[in-house]
Amino acid sequence: MVSRMFRIETGDDKERRDLLRRRLLETNTAASPTLRALRGTPAERELPLHVWALDEDGGLAGGLAGHTWTTWLHVTYLWVDDRHRGAGLGSRLLTEAEQAAAGRGCTAARVETWDFQAPDFYRGHGYEVVAVIPDYPPGITEYTLTKRWA
């Protein structure tokens, strides 16, 4: 084995980050027939998916922000204002996002949530826990949940 010397640096560097991302994509594409087949197709791109609920004054009552990629919906944020909780608004937002994602060819969804947020809400909508990370951040448990539909 040949021993090499490297200079290790820390710090923000957008140009290096972008190069790193490109090289990782190239490596992943070369290693995966599935990712190779996606290259150059519309499914290769992440597409934003946002659903908004506005109150009678046009203010934000709730919303869902995420994206679709390949056949997956990724729910990044889902929030409902305290004044409107318990009225089914979160369910409406999630259902609308899932339907829009299905219209884009998605057959599954994923979400991350903390123990004090909404794991039971997502379970109630057919999501299953696939990962649990205790103490992320300290004192809090993070859940990753997924759901598949036909």
Side-chain angles (χ1 to χ4, degrees), residues 11-150:
D12 296 339
D13 186 323
K14 184 181 182 317
E15 189 175 315
R16 285 181 184 162
R17 184 207 61 209
D18 291 347
L19 176 61
L20 179 69
R21 182 180 183 276
R22 282 193 306 274
R23 291 200 177 155
L24 180 60
L25 285 172
E26 291 168 4
T27 300
N28 291 346
T29 299
S32 168
T34 300
L35 293 177
R36 243 187 336 274
L38 286 172
R39 291 293 169 241
T41 71
E44 177 185 22
R45 302 269 184 256
E46 289 181 3
L47 297 175
L49 196 155
H50 301 160
V51 182
W52 308 111
L54 306 177
D55 64 22
E56 57 277 355
D57 298 323
L60 185 63
L64 181 149
H67 66 269
T68 56
W69 179 67
T70 67
T71 59
W72 283 81
L73 163 65
H74 187 156
V75 177
T76 307
Y77 308 117
L78 173 58
W79 173 83
V80 174
D81 187 279
D82 286 339
R83 295 172 296 157
H84 304 291
R85 290 192 182 155
L89 184 54
S91 296
R92 288 179 58 196
L93 291 165
L94 183 60
T95 299
E96 183 69 28
E98 290 174 352
Q99 290 173 351
R104 296 180 182 184
C106 292
T107 58
R110 64 172 286 175
V111 63
E112 295 86 24
T113 189
W114 286 324
D115 54 6
F116 65 88
Q117 289 177 319
D120 291 335
F121 168 81
Y122 290 106
R123 282 188 196 107
H125 287 84
Y127 286 70
E128 296 179 9
V129 174
V130 295
V132 178
I133 306 173
D135 283 333
Y136 185 77
I140 296 172
T141 299
E142 182 180 85
Y143 294 86
T144 300
L145 299 98
T146 63
K147 177 180 178 178
R148 294 185 181 271
W149 57 81

Problem set entry | Exam field: side chain S32 to backbone N28, donor-acceptor pair closer than 3.5 Å | no
For this session: Go through the steps for R17 and K14 under the test side chain to side chain contact (heavy atoms under 4.5 Å, CB included), then give the verdict.
Result: CA-CA 5 Å; R17 184 207 61 209; K14 184 181 182 317; 3.5 Å; yes
For this session: May I ask you to check whether over 12 heavy atoms, not counting those of E128, lie within 6.0 Å of atom CD?
Result: no
For this session: Rounded to the nearest 0.5 Å, what's the gap from CG on L24 to CG on L19? Could you check?
Result: 11.0 Å
Exercise. Does OH in Y77 sit with more than 12 non-hydrogen atoms of other residues, nucleotides or ligands closer than 6.0 Å?
Worked result: no
Seminar exercise, completed: Nearest heavy-atom contact between A108 and R148 is CB-CG, 4.0 Å
Exercise. CG/L64 to CH2/W52 distance, rounded to the nearest 0.5 angstrom?
Worked result: 8.5 Å
For this session: Taking T95 for its side chain and R92 for its backbone only, find out whether a donor-acceptor pair lies under 3.5 Å.
Result: no
For this session: Determine the minimum heavy-atom distance between T70 and C106, stating which atoms define it.
Result: O-SG, 4.3 Å
For this session: Output the distance between atom OH (Y122) and atom CG (L145), rounded to the nearest 0.5 Å.
Result: 8.5 Å
Exercise. Between Y127 and L94, is any pair of side-chain heavy atoms under 4.5 Å apart?
Worked result: yes
For this session: Tell me, yes or no, whether the heavy-atom count around W69 atom CH2, taken from other residues, nucleotides or ligands under 6.0 Å, exceeds 12.
Result: no
Problem set entry | Heavy-atom pair with the smallest gap, counting every atom of D82 and R85 | OD1-NH1, 2.8 Å
For this session: Supply the atom-to-atom distance W79 CH2 to L89 CG, rounded to the nearest 0.5 angstrom.
Result: 9.5 Å
Exercise. So, are D18 and R21 salt-bridged, with charged N and O less than 4.0 Å apart?
Worked result: no
Exercise. Closest approach of H84 and A61, non-hydrogen atoms and distance?
Worked result: CD2-CB, 3.5 Å
Seminar exercise, completed: From the list R39, E44, R36, side chain to side chain donor-acceptor pair (under 3.5 Å) with T29 holds only for R39
For this session: Verify, without hydrogens or angle tests, whether T113 (side chain) and A118 (backbone) share a donor-acceptor contact under 3.5 angstrom.
Result: yes
Exercise. So do V130 and R110 actually touch side chain to side chain, heavy atoms under 4.5 Å?
Worked result: no
Exercise. Is the number of heavy atoms from other residues, nucleotides or ligands under 6.0 Å of R45 CZ greater than 12?
Worked result: no
For this session: Kindly indicate, with the supporting measurements, whether the criterion side chain to side chain contact (heavy atoms under 4.5 Å, CB included) is fulfilled by R123 and Y143.
Result: CA-CA 11 Å; R123 282 188 196 107; Y143 294 86; 3.9 Å; yes
Exercise. What heavy-atom pair brings G66 and T76 nearest, and what distance separates the two atoms?
Worked result: CA-OG1, 3.7 Å
Exercise. Is there a donor-acceptor pair closer than 3.5 Å between any side-chain N or O of W149 and the backbone N or O of A109?
Worked result: no
For this session: State the CD1-OG1 distance between I133 and T141, to the nearest 0.5 angstrom.
Result: 9.5 Å
Problem set entry | Parallel, tilted or perpendicular: ring planes of H67 versus H74, cut at 30 and 60 degrees | tilted
For this session: Please answer whether the main-chain N or O of D57 pairs with a side-chain N or O of D55 as donor and acceptor at a distance below 3.5 Å.
Result: yes
Exercise. Does CZ belonging to R104 count more than 12 external heavy atoms closer than 6.0 Å?
Worked result: yes
Seminar exercise, completed: All heavy atoms of G62 vs all of L93, minimum pair found to be C-CD1, 3.9 Å
Exercise. How many angstroms lie between CD in Q117 and CD in E142, if you round to the nearest 0.5 Å?
Worked result: 9.0 Å
